[in-house]
Amino acid sequence: MKSIKAILLIFIALLGLQLSAYANPQPEEEFNAGETIFHHLSNSHEWHLFSIGDTHVSIPLPVILYTPNGLDVFLSSEFHHGKVTEEGIMLERGKNTYIIEHDHIKLAGHAEAAVYDFSITKNVASMFLSVVLLFIIFGKVAKSYQTDKPQAPKGLAGLVEPVILFVRDEIAVPAIGKDKYERFMPYLLTVFFYIWINNLLGLLPGAANLTGNITITATLAGFTLVMILFNGNKNYWGHIFAPPVPTWLYPIMVPIEIVGIFTKPFALAIRLFANITAGHIVILSLLSLIFIFKSFAVAPISVGFALFINGLELLVAFIQAFVFTLLSALFIGQAVEEHHHEEHEAHHPAHEEANHAEKPAQAEIKEEVAVTA
């Protein structure tokens, strides 16, 4: 009972931090819930942690720009000392004058294409953080197995091993097959844990919405597409360019099959992006109700529902990682599946002979049963 209360208090504390981090309206301005929500969901050149009143606590990130005047590297905190204009915040650095508007940087008086932005943004920093966590987790797990004496997994290995076995037994083997799943396990495990960890990190106060970014989900889906294209066998390509339909339907079916190659990863990218983004929007919308109604009486209801959705999102974080990995495995399995029609025909005569051999035996059994009766 005490542990449950402690967990609830932690969730409420985290939501309290989210409340100050995500919705911090200024007294002289009308609170705009949509702007606040989408500001949280979007990428940024700085990592905003939380706000207390008018004080914003942020981590400045490196801004890396390549301009006609060469490479320019500086911290995003320099924009705080820039001049506010109608176009955005203006910052002068040597020969360059930058304007940042909605986290988009351009040169003043130049076309937008004149600046190539290679900055370490909030999403990029979060991605590096998740990669470091993956290396630490699996480094420790691998080290625990480097022993001469076989033993039951303990600690972190005991937590990770059931999940690995789950991915193998419930995703890879059923979708790809026992004889071919092993070479795809590294990819499937990487995708599963990468999505799962980033989904969980995204639920922390002030965290980045990495898996709710369409460019990230599209990149992951692109990797699945590459796995499909490079591992597809002749039966897979034959089904696309010579589908099992009458020849006169080829002009219709072949383009449909070709489009189907790209609709599968497109569906993967949209599904993950939409589900993760929807969860964040619901939580932020519930928290925004306090400032929309301008009453603390709404706070218990708003925070209560947000707490419930936040707990539900912990389950969604795992489910979305599972669904993405499962669909990737299914698509890969379709690409490497062998055609069993010829094999079925080869075994069919033997099957018929076995049936003919079974019939006399069954007749003899029936006669013996009749005599016994």
Of Asn123, Asn199, Thr277, the one forming a side-chain hydrogen bond (donor to acceptor under 3.5 Å, both in side chains) with Thr211 is Asn199
Between [Y] and [X], is there a side-chain heavy-atom distance shorter than 4.5 Å?
X: Leu201; Y: Leu133; answer: yes
X: Ile137; Y: Phe193; answer: no
X: Leu107; Y: Pro68; answer: yes
X: Tyr98; Y: Ile100; answer: no
X: Phe138; Y: Leu189; answer: no
X: Leu165; Y: Arg168; answer: yes
X: Glu313; Y: Val316; answer: yes
X: Val63; Y: Glu78; answer: no

Smallest separation among heavy atoms of [X] and [Y], with atom names:
X: Leu61; Y: Lys122; answer: CD1-N, 3.5 Å
X: Ala172; Y: Met185; answer: CB-SD, 3.5 Å
X: Ser58; Y: His48; answer: OG-CD2, 3.3 Å
X: Leu326; Y: Ile171; answer: CA-CG2, 3.8 Å
X: Ser144; Y: Val141; answer: OG-O, 2.5 Å
X: Gly279; Y: Ile309; answer: O-CG2, 4.5 Å

Sequence neighbours excluded and cut-off under 3.5 Å, please list the side-chain donor-acceptor pairs for residues 258-274, or say none.
from   : atom 1 : to     : atom 2 : distance (Å)
Thr263 : OG1    : Gly260 : O      : 3.1
Lys264 : NZ     : Gln334 : OE1    : 2.9

In the single-linkage hydrophobic clustering (I, L, V, M, F, W, Y; side-chain heavy atoms under 4.5 Å), do [X] and [Y] co-cluster?
X: Ile136; Y: Ile197; result: no
X: Phe308; Y: Val282; result: yes
X: Tyr145; Y: Leu134; result: yes
X: Met127; Y: Ile64; result: yes

Once rounded to the nearest 0.5 Å, what's the spacing between atom CD1 of Ile216 and atom CG of Asn209?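 So the CD1 of Ile216 and the CG of Asn209 are separated by 10.5 Å.
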Item to check | Member of Ile332, Ile176, Leu188 meeting the side-chain contact (heavy atoms from CB on, under 4.5 Å) criterion with Tyr181 | outcome: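 Going through Ile332, Ile176, Leu188 one by one, the side-chain contact (heavy atoms from CB on, under 4.5 Å) with Tyr181 is satisfied by Ile176 alone.
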Count the heavy atoms of every other residue, nucleotide or ligand shown that sit under 6.0 Å from [atom1] of [X], and state whether that count exceeds 12.
X: Phe166; atom1: CZ; value: yes
X: Phe223; atom1: CZ; value: no
X: Leu312; atom1: CG; value: yes
X: Glu101; atom1: CD; value: yes

Do the rings of Phe118 and Tyr116 sit parallel, tilted or perpendicular, given the 30° and 60° boundaries? parallel
| query | Aromatic rings Phe322 and Phe318: how do their planes relate, parallel, tilted or perpendicular, breaks at 30° and 60°? | reply |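 Parallel: the ring planes of Phe322 and Phe318 meet at under 30°.
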- Message: Regarding Asn69 and Thr67, do their side chains bring together a donor and an acceptor under 3.5 Å, going by distance alone?
- Response: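 Per modelled atom types, Asn69 and Thr67 side chains form no pair under 3.5 Å.
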task = Classify the side-chain pair Glu337/His239 by whether it contains a donor and acceptor separated by less than 3.5 Å.
result =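 No, because no side-chain N or O of Glu337 sits under 3.5 Å from a partner of the opposite role on His239.
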- Task: Could you give me the CA-CA distance, side-chain angles and deciding distance for Phe331 and Tyr236, then say whether ring pair (Phe, Tyr, Trp, His ring centres under 6.0 Å) is met?
- Result: CA-CA 11 Å; Phe331 297 153; Tyr236 173 76; over 10 Å; no
Quick note, side-chain hydrogen bond (donor to acceptor under 3.5 Å, both in side chains) partners involving residues 217-228, not counting sequence neighbours, are Tyr187-Thr224, Thr224-Ser328
Those residues at least two apart in sequence (or on a different chain) that pass salt bridge (charged side-chain N to carboxylate O under 4.0 Å, His left out) with Asp169 are none
